[in-house]
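All of these numbers come straight from a predicted model, not from anything done at the bench. All chains are named by letter (A, B, ...) in the order of the sequence lines, taking the proteins before the strands, and each is independently numbered beginning at 1.
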Amino acid sequence: MKETASKHVENFPIHSFQRALIDWFKTEGRDLPWRKDRDPYKVWVSEVMLQQTRVDTVIPYFHNFLERFPTIDDLASADEQTLLKAWEGLGYYSRVKNLHAAVKEVKSRYGGVVPKDKEAFSQLKGVGPYTTGAVLSIAYGLPLPAVDGNVMRVLSRIFLIEEDISKGRTKKLFEEIAQRIVSVDDPSSFNQGLMELGALICKPTNPACLLCPVKDFCIAYERGREKDLPVKTKGKKGKTIQMTAAVLQSTDGAKVLLRKRPSKGLLADLWEFPGEEQTGGDFTNMLTEYEQTLLKKHQITANLTEPLCHVEHVFSHLTWKINAFVGVVDRIMKETAELKMVAIDEIEHYPLPVPHQKIWKQYVLRRETEESDG
DNA sequence: AACTCGGGGAC
DNA sequence: GTCCCAGAGTT
């Protein structure tokens, strides 16, 4: 039996619901940085940053990013290294690369004006169904659905929809429903109101139904089933990778070796202290395996001198357990664009993955301690 | 349809 | 530990 939007929306008091939701959003909605004006560029940046990322995490990045790249022109002419540095720690780094490519296209093809047309905007890199609806409704007032995780949770409860929200088909159902109930008069407040409701009231666990402005419209609340929703299958847990990595110093200690990660895949184009997966067992073999691998891959003769720290980092789909060392590079056959010695005080200009930031912090701490001890 | 792609906060 | 967050691209 295929669920249809019509079946759920039929007899739903759309206008009363819209009024209750919008009124609540206008009085109780948070005063967030990207809500100060309707500049399509700022709205767009905020929506990209907010993909799979919490509001509190985004706020400082948003301020910094807009200070460095206030306009589409500024962003279009920035270099990727600078962009990645501004995105460092925010995760999902392809977001900023896609945004970069997209604003370049806006500049060249649309004269620097974010296109108001749904088809045109949604074809830009990194702009999917959610971002299309969010940006165009908030910045231009177009009555489009903007369905994210929050909205699926809210709507699953209001309409008592027990379909698995991790399925693509279910997301389409929610988009159809949202399209039918979105306010034509104020789609911006409506869409932001649904998301704000999900963030503040209709939370994943322990929803604050008594404070909810639309509880009278909510079938799950009426039947006491809000905690059963949404239905979502859990994904499989990721694997663990044991790694060896090292801060490899020049013999005079003025520089350390950095390696640029491949341009596709995990943490693409970020820099790291060379790390290798550790396949073998004991301590001695771990050091030997690492040194052999660097020699083979980069013609580098490295010598690990002392252990530095252990770093465990959990990604969405895998875990790194890094044994970090300090070492010395005896000889480099060739420095390349992806492998080079970098002065100590220049490291801060390179975008590093968070686990490698932790390694660097430990290394700096170690050096300072050694200096003060003589 | 299933995977990949970060990091952190709430519980 | 688990969940999941203002998701999109790739296969």
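Under a 4.0 Å N-O distance rule, the pair A:Lys85/A:Glu88 qualifies as a salt bridge. Salt-bridge check for A:Lys296 with A:Glu276: failed, with every basic side-chain N at 4.0 Å or more from each acidic carboxylate O.
If you check the side chains of A:Thr288 and A:Gln292, you find no donor sitting under 3.5 Å from an acceptor. Checking A:Asp79 against A:Thr82 by side-chain atom types alone, a donor-acceptor pair falls below 3.5 Å. Side chain to side chain, A:Ser250 and A:Asp252 meet the donor-acceptor criterion of an N or O pair below 3.5 Å.
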Next on the checklist: At under 4.0 Å between heavy atoms, how does the protein contact nucleotides 2-11 of chain B? Give one character per nucleotide, 5' to 3', with B, S or -.
Outcome noted: S-SBBBBB--
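Comparing B:dG6 with C:dC3, their C1' atoms are spaced 15 Å from each other, to the whole Å.
Listed by residue number, A:Arg30, A:Leu32, A:Trp34, A:Arg35, A:Glu47 are the residues of residues 27-49 of chain A with a heavy-atom contact under 4.0 Å to DNA chain C.
The side chain of A:Lys234 contributes an N or O atom lying less than 4.0 Å from OP1 or OP2 of C:dC3.
Residue A:Lys232 has its side chain nearest to C:dC4 when only C:dC4, C:dG9, C:dA6 are considered.
Using a 4.0 Å heavy-atom distance criterion, A:Val58 is classed as making no nucleic acid contact. The residue A:Gly168 sits apart from the nucleic acid: no heavy atom pair falls under 4.0 Å.
A pairwise comparison of heavy atoms in A:Glu3 and A:His8 identifies OE1-NE2, 2.5 Å as the closest pair. When all heavy atoms of A:Ala5 and A:Leu173 are compared, the closest pair comes out as N-CD1, 3.7 Å.
The aromatic ring centroids of A:Phe12 and A:Phe159 lie less than 6.0 Å from each other.
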